[in-house]
Amino acid sequence: MTSILYTEIHSQPDRLRTCLHANLTALGEVATRVKSAGITSFTMVARGTSRHAAMYGAYLLGVHQHMPVHLFRTGMAACLGVQPLHPGTCLVGISQSGSGPDLNAILNQAVCRSVPVFALTNNEDSEMAGLATRHIGLQAGPEHAIAATKSFTNQLMCLAMLDHCLDMQKAPYEDLLSIPSHVKGALSIEGPIRTLATRIKDAGSLIAVGRGFNHPIAREAALKLQEVCYLPTVAYTSADFIHGPQALLEPDRELLCLDAGSGPNPQFSDIEALAHRAGARVTAITSDPGRWSGPTAVIELPGTRDVPDWLAPFPAIAACQLLAYHLGLARGLDVDSPRNLKKVTLTR
C-alpha cells in the first residue's frame with residue numbers, strides 16, 4: 001500500500017501549478033492594496049511548518065522589496081501583552097488549518113484596529129479565513145498525512161507570487177512557472193536519497209545548515225526529521241554555526257548542508273574542511289557538486305545550477321521531505337501517523 005505521505009510529497013508539482021493559476025489575480029489585488037495603502041512593513045504570525053514559510057517570506061520581501069518583515073511570536077501577546085501592530089504594517093497570518101487560537105487572537109486585534117489582514121490557509125471555512133481582510137486559499141487539496149508537505153510548498157508559492165505582484169521585474173512570472181518542474185526533478189532523485197537514509201538510519205542526531213533562502217529550508221528539514229523519523233535535529237545558518245555550534249563536530253556526527261541555488265555559500269568550504277578534520281560525515285544537497293570535495297556525500301538537485309537563489313527552496317525542501325520519508329521507513333516507523341502528533345495543533 002502506498003504511503004499517504006509519499007503520495008502527498010509527489011503531488012506537489014501539480015498542486016503548485018494549481019496554486020499558480022488559481023491565485024495570481026487575488027495576490028495581484030493584495031499587492032495593489034499594499035501599495036495603495038502605503039504599507040511599509042509586514043508582520044507575520046505562524047506556527048511550526050508555517051513559521052518556516054513565514055521566514056522564507058521575510059527573506060524574500062526583505063531582499064526584493066526592501067521591506068522589513070517582523071516574525072511576531074504570539075506568546076509575547078498572550079503572556080506579556082505586547083502588541084505587534086503599528087501604523088503602516090500589514091498583518092499576514094499563515095496556517096495550514098487556520099484554527100490556531102493564538103494566531104487568530106492576533107488577527108482579531110488587527111481587525112479591531114483596522115490593520116489590513118492577509119491570510120494564507122488551506123481551509124476557506126476556517127476562523128482565520130473569516131477574520132482576514134483578504135484570504136488566499138493554498139489550493140493544496142486535502143492533506144491527510146500528519147507531516148505537512150504540499151501545504152508548505154504552496155505557502156512558499158503564495159509568498160513568491162505576492163513578491164512577483166509587488167515587483168514583477170525582481171520576481172518574473174516565468175521564473176515562478178519553472179518551479180513545478182524543478183520540484184519534479186528533485187523528486188526524481190530517490191536513489192541517492194534512499195542511500196543516504198540507509199546510511200544515517202542509526203544516527204543519534206543530525207545538524208542541518210543553510211543560509212539565506214536555504215535557512216528556512218534547513219529549519220523545515222529539521223522539523224520533518226524530528227516529526228517523521230524521531231531524529232533529534234537542530235538547524236543553523238552557516239554563520240551561526242561557526243559562532244559556537246561547530247564545537248559539536250566530532251567523529252561520525254551527521255552534518256546536512258543545504259546548498260541549493262546559483263550562488264555559492266562561501267562559508268561552506270570552511271565548514272566542510274572543519275567537519276572532515278573532526279571526522280564528521282557531511283552530506284550536501286546542492287545545485288552544483290563542484291562546490292564540494294573530499295569525502296562529502298553529494299546529492300545533486302538536477303537542473304538547478306542556474307535557478308535563482310529565491311526559488312531554490314522549492315526543490316531543496318522536496319528532496320528533504322523525501323529524505324524524511326525514506327529515513328522513517330528505514331527506521332521502521334509509521335511515516336503517515338507519527339506518535340504523539342495530530343494534524344491540527346491548537347496553541348494559546
Quick one: does [X]'s side chain get under 4.5 Å of [Y]'s, heavy atoms only?
| X | Y | value |
| --- | --- | --- |
| Leu16 | Cys19 | no |
| Leu255 | Ile271 | yes |
| Cys165 | Leu24 | yes |
| Leu20 | Tyr173 | yes |
| Pro245 | Val234 | no |
| Arg199 | Glu254 | yes |
| Leu27 | Phe118 | yes |
| Gln155 | Ser50 | yes |

Exercise. Can you list every pair that meets salt bridge (Lys or Arg N to Asp or Glu O under 4.0 Å) and has a residue in residues 298-325, with sequence neighbours left out?
Worked result: Asp288-Arg305, Glu300-Arg305

Seminar exercise, completed: So salt bridge (Lys or Arg N to Asp or Glu O under 4.0 Å) across residues 258-278, not counting sequence neighbours, yields Asp259-Arg291

Exercise. Sequence neighbours excluded, which residues qualify as ring-ring contact (aromatic ring centres under 6.0 Å, His included) partners of His326?
Worked result: none

Exercise: identify the closest heavy-atom pair between [X] and [Y]:
| X | Y | value |
| --- | --- | --- |
| Gly48 | Leu223 | C-CD2, 4.2 Å |
| Thr304 | Ser287 | OG1-OG, 2.8 Å |
| Ala280 | Leu249 | CB-CD2, 4.0 Å |
| Val228 | Ala147 | CG2-CB, 3.7 Å |
| Lys35 | Leu166 | NZ-O, 3.8 Å |
| Cys158 | Leu120 | CB-CD2, 3.5 Å |

Ignoring hydrogens and angles, tell me if any N or O in the side chain of [X] forms a donor-acceptor pair with the backbone of [Y] under 3.5 Å.
| X | Y | result |
| --- | --- | --- |
| Glu127 | Asn104 | no |
| Ser126 | Ala129 | yes |
| Arg331 | Lys201 | yes |
| Asn154 | Arg15 | yes |
| Asp334 | Ser337 | yes |
| Asn108 | Leu131 | no |
| Asn214 | Ala260 | yes |
| Arg253 | Leu248 | yes |
| Asp163 | Leu159 | no |
| Asn122 | Ala140 | yes |

Tell me whether [X] shares a hydrophobic cluster with [Y], the cluster being built from Ile, Leu, Val, Met, Phe, Trp, Tyr side chains joined at under 4.5 Å.
| X | Y | value |
| --- | --- | --- |
| Val115 | Ile39 | no |
| Val34 | Leu107 | no |
| Val298 | Leu323 | no |
| Tyr325 | Leu333 | no |

Below 30° counts as parallel, above 60° as perpendicular, anything between as tilted: where do the rings of [X] and [Y] land?
| X | Y | answer |
| --- | --- | --- |
| His64 | Trp310 | perpendicular |
| His215 | Tyr59 | perpendicular |
| Tyr56 | Phe314 | perpendicular |

Between the side chains of [X] and [Y], is a donor N or O closer than 3.5 angstrom to an acceptor N or O?
| X | Y | result |
| --- | --- | --- |
| Gln267 | Ser238 | yes |
| Ser97 | Asn123 | no |
| Asp14 | Ser11 | no |
| His135 | Thr121 | yes |
| Gln321 | Thr149 | no |
| Thr49 | Lys224 | yes |

Problem set entry | Test log, rule side-chain contact (heavy atoms from CB on, under 4.5 Å), inputs Met128 and Leu103 | CA-CA 8 Å; Met128 180 176 284; Leu103 304 183; 3.8 Å; yes

Problem set entry | Residues which pass salt bridge (charged side-chain N to carboxylate O under 4.0 Å, His left out) with Arg51, listed by chain and number, not counting sequence neighbours | none

For this session: Using the test salt bridge (charged side-chain N to carboxylate O under 4.0 Å, His left out), find all partners of Glu29 that sit at least two apart in sequence or belong to another chain.
Result: Arg134

For this session: Report the C-alpha separation of Met157 and Asn23 in whole Å, then their side-chain angles, then the decisive distance to 0.1 Å, and conclude whether the side-chain contact (heavy atoms from CB on, under 4.5 Å) test is met.
Result: CA-CA 10 Å; Met157 176 61 84; Asn23 285 334; over 6 Å; no

Between [atom1] on residue [X] and [atom2] on residue [Y], distance to nearest 0.5 Å:
| X | Y | atom1 | atom2 | result |
| --- | --- | --- | --- | --- |
| Ile200 | Cys229 | CD1 | SG | 7.5 Å |
| Ile193 | Ile285 | CD1 | CD1 | 6.0 Å |
| Leu329 | Ser3 | CG | OG | 7.0 Å |
| Leu258 | Arg219 | CG | CZ | 13.0 Å |
| Lys150 | Gln12 | NZ | CD | 9.0 Å |
| Arg281 | Thr296 | CZ | OG1 | 12.5 Å |

So for atom [atom1], which belongs to [X], do other residues, nucleotides or ligands contribute more than 12 heavy atoms lying within a distance under 6.0 Å?
| X | atom1 | value |
| --- | --- | --- |
| Lys170 | NZ | yes |
| Arg33 | CZ | no |
| Gln169 | CD | no |

For this session: Check the pair Val282 / Trp292 against side-chain contact (heavy atoms from CB on, under 4.5 Å), numbers first and verdict last.
Result: CA-CA 10 Å; Val282 183; Trp292 299 86; 4.3 Å; yes

Exercise. Is the ring centre of His10 less than 6.0 Å from the ring centre of Tyr6?
Worked result: yes

Seminar exercise, completed: Residue pairs meeting ring pair (Phe, Tyr, Trp, His ring centres under 6.0 Å), one or both in residues 243-263, sequence neighbours left out, come to none

Problem set entry | Trace of the side-chain contact (heavy atoms from CB on, under 4.5 Å) decision for Val92 with Val69 | CA-CA 10 Å; Val92 182; Val69 181; over 6 Å; no

